[in-house]
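Below, chains carry the letters A, B, ... as their sequence lines are ordered, and counting in each starts from 1. Values in this document were obtained by computation on a predicted structure and should not be read as measured data.
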Amino acid sequence: MSAESTPNLMEAVVSLAKRRGFVFQSSEIYGGLNGFFDYGPLGVELKKNIRDCWWNDMVRRRDDIVGIETSIIMHPKVWQASGHVDGFTDPLVDCKVSKQRYRADQLFFAAVTVDGEVKGYVSALESEDTVGALQAAAESFKRKKAIQGTLAPVVAVEFTEATEAQIPLIPSPATGEPGSLTPPRAFNMMFETHVGPLRDSASVAYLRPETAQGMFVDFKNVVDTGRVKLPFGIAQTGKSFRNEITPRNFVFRSREFEQMEMEFFIHEDDDWAKWHRHWIDWCKDWLLSIGLPASHLSEYDHLKEKLAFYSKGTTDIMFKFPFGVQELWGIAARGNYDLGQHEKASGVPQAIFDETTKKKFIPHVIEPAVGLDRIFLAVLCGAYAEEQVTDEKGKAETRTVLRLSPRIAPVKVAVLPLLKNKEALTERAKELYKKLQRRYAVFYDEAGAIGRRYRRQDEIGTPWCVTIDFDTIEKDGTFTLRERDSMEQRRVTEAELLALLDEQVY
RNA sequence: GCGGCCGUAGUUUAGUGGUAAAACUCCACUCUUCCAAAGUGGUCUCGAGGGUUCGAUUCCCUCCGGCCGCACCA
């Protein structure tokens with residue numbers, strides 16, 4: 001038996017996901033819809049197990065974190081206060097020749113006016129001296145075209161202000177030639193809808209692009225009712241929506257996705273860096289606990305210059321996907337920006353009272369935010385293995401196996417009667433199946449040779465198979481426990497099986 | 001959103017201007033005392049729409065979807 005890396009891992013994982021009913025393309029019979037996915041019978045179990053593990057470890061097994069569930073559609077002012085409305089509506093301009101893309105509000109142009117007559121246009125990207133750049137370009141333009149006369153000082157105009165007639169005459173900053181720029185087009189990343197039957201501008205609402213704002217907006221409600229004390233966290237899981245320009249890489253970047261976010265509120269005088277580190281470590285440990293290989297995990301600190309002005313630091317836990325090392329979990333120290341914004345926008349004070357210092361302050365927050373679908377994909381990529389095994393005739397063949405942690409495996413145990421046509425075997429097997437089913441996701445299978453059934457379970461990541469044979473019913477009642485990764489078999493009693501499950505599945 | 005390549009069964013592929021095939025999978029039955037056994041039978045396919053044509057899965061156009069690159073990723 002030898003494990004080897006799969007040459008085209010991504011293709012293999014996508015193929016398995018489809019073949020075994022983990023993930024389907026949304027609306028497939030209508031040709032599919034880009035950026036949307038459905039989870040099949042096994043996929044929904046795996047996803048639910050990951051979510052449940054997160055919820056249990058993050059909320060139920062802690063004293064300092066509470067859960068909530070907020071609505072997907074919130075008051076539109078939430079997204080103005082959070083900055084999402086402005087941040088999502090940058091108009092963009094494409095250069096059809098150079099394939100460059102510019103933000104229209106960072107691209108400036110000016111008319112080249114000589115003796116009061118417009119001779120053409122020049123353009124420049126926003127810089128420390130945009131006007132100077134435009135002036136230089138205008139002078140160069142005049143020289144090249146050998147125009148005589150007096151050049152008027154240029155007036156910089158944002159490209160968003162360009163008229164329909166001007167756009168074809170404005171040169172692309174990349175090529176210097178006019179005619180290749182498209183009109184500014186708005187790329188709004190938020191899905192819009194209308195609340196109520198009237199479709200006018202007053203009824204516009206958005207599908208949330210993140211779940212985090214729910215925790216901020218409900219902060220006072222939780223503080224007033226939840227008997228919580230700093231430091232404490234509020235957590236939620238749920239769907240979010242982003243109208244991504246290019247969804248790619250299977251479920252890695254999709255337009256409808258599920259987030260698991262927690263906002264951990266700390267005292268303004270507390271050491272944010274310590275908590276930030278604490279949560280990075282917690283998240284890493286948690287990923288290991290559901291079986292992601294440590295070799296695939298790394299950290300990436302966002303550059304200070306690239307952070308939003310309010311952010312004190314953001315660290316991403318990265319995962320080595322087949323298509324590259326990508327962000328899995330972002331742990332952001334957001335200061336008190338979000339609560340502060342909502343206090344300003346709503347007029348409702350968000351500060352809490354410190355009994356020791358007798359002062360009011362707005363708590364700061366550390367935010368570990370992760371996409372459930374991304375973890376799902378990371379889990380599949382990390383667990384997928386193809387092994388060369390040799391059968392008793394010496395014939396080599398490939399065994400496909402998902403090495404999923406028992407914590408998240410969609411099926412924990414497969415119950416298999418050794419033979420289908422011996423009623424004593426199938427009866428005992430069904431009895432055990434019914435019993436296990438009360439607590440665990442189990443699977444009963446009597447179709448085909450026993451080896452084939454083992455392999456079917458390998459492919460969907462079932463950690464254990466138990467086989468009911470003649471010793472079970474004629475001798476001691478024990479059955480064969482076959483382990484997925486080692487393929488080893490040993491005889492166990494029912495009590496031993498239950499103890500094993502109790503220990504491994506939590 | 002731009003460019004390139006691509007779209008035949010659940011999967012991987014073959015093939016054709018006269019409505020399509022193989023392997024594996026899957027289902028049923030027979031058989032089977034521990035790692036994809038065998039036999040028999042069966043289900044399922046040319047991404048969608050238009051055009052050219054007597055006839056299109058095949059040629060053309062549009063759309064949809066996929067992969068790669070660019071851009072985007074608040």
Side-chain angles (χ1 to χ4, degrees), chain A residues 1 8 10-12 14-21 24-36 40 79 82-90 92-103 174 180 182 185-190 209-210 212 242-250 252-255 306-308 311 323 326-327 330 371 387 389-393 395 397-401 416-422 424-425 446-459 465-474 479-484 486-491:
Chain A
M1 182 169 79
N8 211 329
M10 196 59 198
E11 215 169 276
V14 172
S15 168
L16 175 75
K18 175 86 191 287
R19 191 168 69 244
R20 290 302 187 183
F24 309 121
Q25 196 178 20
S26 167
S27 318
E28 197 181 277
I29 62 169
Y30 289 102
L33 187 59
N34 193 333
F36 297 91
W79 306 111
S82 69
H84 285 84
V85 171
D86 291 338
F88 272 62
T89 48
D90 299 328
L92 298 177
V93 177
D94 286 310
C95 169
K96 285 183 282 194
V97 173
S98 69
K99 308 303 174 198
Q100 294 291 307
R101 165 169 289 173
Y102 308 101
R103 277 175 56 172
S180 64
T182 65
R185 287 172 290 191
F187 285 75
N188 193 330
M189 299 273 279
M190 279 198 291
E210 62 173 35
R242 294 181 198 181
N243 216 341
E244 297 284 356
I245 296 169
T246 311
R248 279 271 166 100
N249 294 324
F250 203 39
F252 180 81
R253 175 172 294 133
S254 53
R255 290 182 163 133
K306 295 227 173 171
L307 292 175
S311 179
F323 45 86
Q326 299 281 344
E327 175 192 345
E387 291 176 350
V389 293
T390 316
D391 66 15
E392 53 206 8
K393 293 167 204 135
K395 208 178 90 189
E397 58 185 13
T398 303
R399 179 174 88 116
T400 301
V401 52
L416 318 169
L418 184 59
L419 297 175
K420 179 186 180 182
N421 59 359
K422 298 286 187 291
L425 294 177
E446 58 178 31
I450 190 71
R452 174 183 294 272
R453 282 179 275 160
Y454 286 153
R455 295 299 171 83
R456 274 200 281 248
Q457 296 304 317
D458 290 341
E459 213 178 41
C465 293
V466 292
T467 300
I468 312 300
D469 57 23
F470 292 95
D471 283 0
T472 314
I473 52 174
E474 287 164 6
F479 21 71
T480 304
L481 180 76
R482 184 264 193 186
E483 207 272 327
R484 177 194 64 206
S486 64
M487 296 169 71
E488 275 167 10
Q489 305 186 355
R490 64 176 202 267
R491 297 205 69 86

Quote, to the nearest angstrom, the [atom1] distance that separates [N] from [M].
| N | M | atom1 | result |
| --- | --- | --- | --- |
| U16(B) | U45(B) | C1' | 15 Å |
| G10(B) | A48(B) | P | 13 Å |
| U11(B) | C67(B) | P | 14 Å |
| G1(B) | A71(B) | C1' | 8 Å |
| G51(B) | G15(B) | P | 30 Å |
| G47(B) | G66(B) | C1' | 11 Å |
| C26(B) | A9(B) | C1' | 11 Å |
| U33(B) | U40(B) | C1' | 24 Å |

Heavy-atom pair of closest approach, residues Asp458(A) and Thr400(A): CB-O, 3.6 Å

Shortest non-hydrogen contact from Trp79(A) toward Glu210(A): CH2-O, 3.6 Å

Contact between [X] and [Y] at the side-chain level, heavy atoms closer than 4.5 Å - yes or no?
| X | Y | value |
| --- | --- | --- |
| Phe470(A) | Lys422(A) | yes |
| Met189(A) | Glu244(A) | yes |
| Phe252(A) | Met10(A) | no |
| Arg456(A) | Arg20(A) | yes |
| Glu459(A) | Leu16(A) | yes |

Any N/O donor-acceptor pair, Tyr454(A) side-chain to C34(B) base, under 3.5 Å: yes

C34(B) base / Gln489(A) side chain donor-acceptor hit below 3.5 Å: yes

d([atom1], [X]; [atom2], [N]) in whole Å:
| X | N | atom1 | atom2 | result |
| --- | --- | --- | --- | --- |
| Tyr30(A) | G49(B) | OH | C1' | 15 Å |
| Met487(A) | C34(B) | CE | P | 15 Å |
| Ile29(A) | G10(B) | CD1 | P | 13 Å |
| Glu488(A) | C34(B) | CD | C1' | 15 Å |
| Asp458(A) | C34(B) | CG | P | 18 Å |
| Met189(A) | G1(B) | CE | P | 14 Å |
| Asn34(A) | C63(B) | CG | P | 15 Å |
| Glu28(A) | A48(B) | CD | P | 12 Å |

Given [options], identify the nucleotide with an atom nearest to the side chain of [X].
| X | options | answer |
| --- | --- | --- |
| Arg482(A) | G65(B), C35(B), U12(B) | C35(B) |
| Arg248(A) | G66(B), A74(B), G1(B) | G1(B) |
| Lys18(A) | C34(B), A36(B), U11(B) | U11(B) |
| Ser15(A) | U11(B), C68(B), C73(B) | U11(B) |

Give me, pair by pair, the N or O atoms of the protein and of nucleotides 24-33 of chain B that are less than 3.5 Å apart, along with how far apart they are.
{"residue": "U25(B)", "atom": "OP1", "partner": "Arg452(A)", "partner atom": "NH1", "Å": "3.1"}
{"residue": "U25(B)", "atom": "OP1", "partner": "Arg452(A)", "partner atom": "NH2", "Å": "3.1"}
{"residue": "C26(B)", "atom": "OP1", "partner": "Arg456(A)", "partner atom": "NH1", "Å": "2.7"}
{"residue": "C26(B)", "atom": "OP2", "partner": "Arg452(A)", "partner atom": "NH1", "Å": "2.9"}
{"residue": "C29(B)", "atom": "OP2", "partner": "Lys420(A)", "partner atom": "NZ", "Å": "3.2"}
{"residue": "U32(B)", "atom": "O4", "partner": "Lys420(A)", "partner atom": "N", "Å": "3.3"}

Touch class at under 4.0 angstrom, heavy-atom based, for Thr480(A) against every strand present: base

Touch class at under 4.0 angstrom, heavy-atom based, for Gln25(A) against every strand present: sugar-phosphate

Who pairs with [N] - Watson-Crick or G-U, where each distance is under 3.5 Å:
| N | result |
| --- | --- |
| G42(B) | C26(B) |
| C64(B) | G7(B) |
| G1(B) | C70(B) |
| A20(B) | none |
| A14(B) | none |

Partner set under side-chain hydrogen bond (donor to acceptor under 3.5 Å, both in side chains) for Arg491(A), not counting sequence neighbours: Asp469(A), Thr478(A), Thr480(A)

Closest-nucleotide 5' rank along RNA chain B - winner of Arg253(A) and Ile468(A): Ile468(A)

Pairwise 5' ranking along RNA chain B for Phe323(A) and Thr472(A), keeping only the more 5' one: Thr472(A)

Any donor-acceptor N/O pair, Arg255(A) side chain to Asn34(A) backbone, under 3.5 Å: yes

Side chain Arg453(A), main chain Leu418(A), donor-acceptor under 3.5 Å: yes

